[in-house]
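When a ligand or atom number is given, it counts from 1 through the structure's own listing order. Count residues from 1 along the sequence.
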Amino acid sequence: MKLYNTLTRTKDDFKPRFDGKVSMYTCGPTVYHYAHIGNLRSYIMEDVLEKYFRYVGYDVKRVMNITDVGHLSSDGDTGDDKMLKGAKREHKTVMEIAKFYTDAFFSDCKKLNIKTPDVVEPATSCIDEFIRVISSLIKKGYAYEAGGNIYFDTSKLKKYYVFNDFTEEDLAVGVREGVEEDSNKRNKADFVLWFTKSKFDDQELKWESPWGLGYPGWHIECSCISMKNLGEYLDIHCGGIDNAFPHHTNEIAQSEAYLGHEWCNYWFHVHHLNTDSGKMSKSKGEFLTVSLLEEKGYDPLVYRFFCLQSHYRKSLVFSYENLDNAAVAYGKLVAKIAALLGEGGEVDKAAFDELKKRFTDAMDNDLNTALAVTAVYDVLKADTNGATKLALIKDFDRVLSLGLIEAAEKLAKNASPAEEELPEEIRILAEERKEARKAKNFALADEIRDKITAMGYVITETREGTKITRK
Ligand code: AMP
Ligand code: ZN
């Protein structure tokens, strides 16, 4: 399988360090607000990746953190504390906010058929681990204390900007409009490992440490939670593209300084979901959620389908018009599958293998989900029997998780008008399709079925025979 690796800037052959096993880490949500559908695009694509690894036979262990402390509004350690902002907004404690939005996140994931990672760890449950690793970094000379905080010294590294060829001048780290610079830093790119002197006097969560009462920086949590659960070598690390710098760059810096060797071989970054007016952002406060889509009548799986129709390395523009198109296409797809239900026959092994290869070829080429979805259409059009088609769709949906069979079964169950109500032309077409099937001319049978579908009717094969119902 080839995967684009941000570290090498090429599509690399994916080979885990240990045969047959994949260790996978995902940056989890910062739980101060609902996840927006942009965040969820990243989690959908990572879910597909994880499921594809399993599909091809890897034994996957996937770990995700929950950021419930230390993430400031600028990823470069300045600005407001996001959790505190959420607590103030809702007049709740930070832990109440964290619990509420962690639950909301997993509820959204469930609606989108996103599997929960094997291990989920909130940052607040790993404080001892952070202190241990930071102490070691200080001992090794990679970290220093200034103004009460502990900083990572990026000048100690041979190469800090691993993902790009930026220089300090290109990137004024942590300096964004309206955000002040931290004068404690020895180098612009240095970042905070532990805060004791923060400007947030009302910071709720603080822990004892060798450097005083304080709390961890955001970057250290992912390194520690990964190493704690997956050991000193990580096969693949995932996140949205905005995480590549500075978050993942800092993770690499501190993990490799601590370990004394290379840490993670593959970096998988999902590009952004944008709206016409730009990047969707939680901190701006106005954003689209799964619940909002549901309120507007969309099935969350239509959003998943919309995401899979484009490549994860291209930014994707969200609009209701685009989502409507996805909803129509998804509905048609489900109706076509519903028409196959109950078809008898044995799975044709040769046809199965040939069509499955189209799917795996697409996925093996840098997780091309758009082509993998096309492979589903290829199955529906193929000159083979219904049993083979259904078996293939079920198989692909282990990865795509579009709920295709379930939705088709639901559709078939709900459709039950009497045959007599069918217009003459539909009955003639149905008769012609029956003849074509008898003659094993599946291509013609499918063509006729498409015609019937286009005329607003659904064909379902039940134990009692073919049923045609209004859509
Ligand atoms: P956060 O909860 O802000 O820490 O972000 C959770 C995940 O969503 C991270 O992997 C981000 O990189 C990713 N992300 C943030 N904004 C977007 C977006 N507009 N489109 C896709 N992914 C995003
Ligand atoms: Zn992270």
Measure the distances from the heavy atoms of H269 to every atom of ligand 1 and state whether one is below 4.0 angstrom.
-> no

Heteroatom distance test (G239, ligand 1): nitrogen or oxygen, under 3.5 angstrom = no

Three-point angle H247:NE2, the Zn ion (ligand 2), C222:SG, rounded to the nearest 10° = 110°

I would like to know whether D190 and N187 meet side chain to side chain donor-acceptor pair (under 3.5 Å); could you show each step before the answer?
-> CA-CA 5 Å; D190 291 357; N187 315 286; 3.0 Å; yes

Under a 4.0 Å N-O cut-off, is there an ion pair linking K111 with D299?
-> no

Report yes or no: is the cationic atom of R186 (NZ for Lys, CZ for Arg) under 6.0 Å from the centre of the six-membered ring of Y144, at an angle within 45° of the ring normal?
-> yes

Closer than 2.8 Å to the Zn ion (ligand 2), do we get an N, O or S atom from H248, backbone or side chain?
-> no

Atoms of ligand 1, numbered as shown, that sit under 4.0 Å from any heavy atom of S42 | 13 (C), 21 (C), 22 (N), 23 (C)

Heavy-atom proximity to atom 15 (C) of ligand 1, best of T30, N39, N274 = N39

ring-ring contact (aromatic ring centres under 6.0 Å, His included), paired with F268, selected from F14, F53, Y312 | Y312

Under 4.0 Å between a Lys/Arg side-chain N and an Asp/Glu carboxylate O for K156 and D153?
-> yes

2.8 Å cut-off met by an N, O or S atom of H219 to the Zn ion (ligand 2) | no

For D242 and ligand 1, answer yes if some heavy atom of the residue is under 4.0 Å from a ligand atom, otherwise no.
-> yes

Quick one: does R41 get an N or O within less than 3.5 Å of an N or O on ligand 1?
-> no

Which of the ligand 1 atoms, numbered from 1, are nearer than 4.0 Å to a heavy atom of P29 | 2 (O)

Please assess F163 against W267 for the test ring-ring contact (aromatic ring centres under 6.0 Å, His included), listing each intermediate value before the final yes or no.
-> CA-CA 9 Å; F163 288 129; W267 288 83; 5.4 Å; yes

Taking the non-hydrogen atoms of N243, is any one of them nearer than 4.0 angstrom to ligand 1?
-> yes

Report the C-alpha distance between H269 and H248 in whole Å, list the side-chain angles of each, state the deciding distance to 0.1 Å, and finish with yes or no for ring-ring contact (aromatic ring centres under 6.0 Å, His included).
-> CA-CA 10 Å; H269 288 118; H248 292 163; 4.9 Å; yes

Could you say whether the N/O atoms of G38 and ligand 1 ever approach to under 3.5 Å?
-> yes

Under 6.0 Å from the six-membered ring centre of F396 and within 45° of its axis: does the NZ or CZ of K356 meet both?
-> no

Got an N/O contact under 3.5 Å between C27 and ligand 1?
-> no

Are any of the side-chain nitrogens in K2 or D364 under 4.0 Å away from the carboxylate oxygens of its partner?
-> no

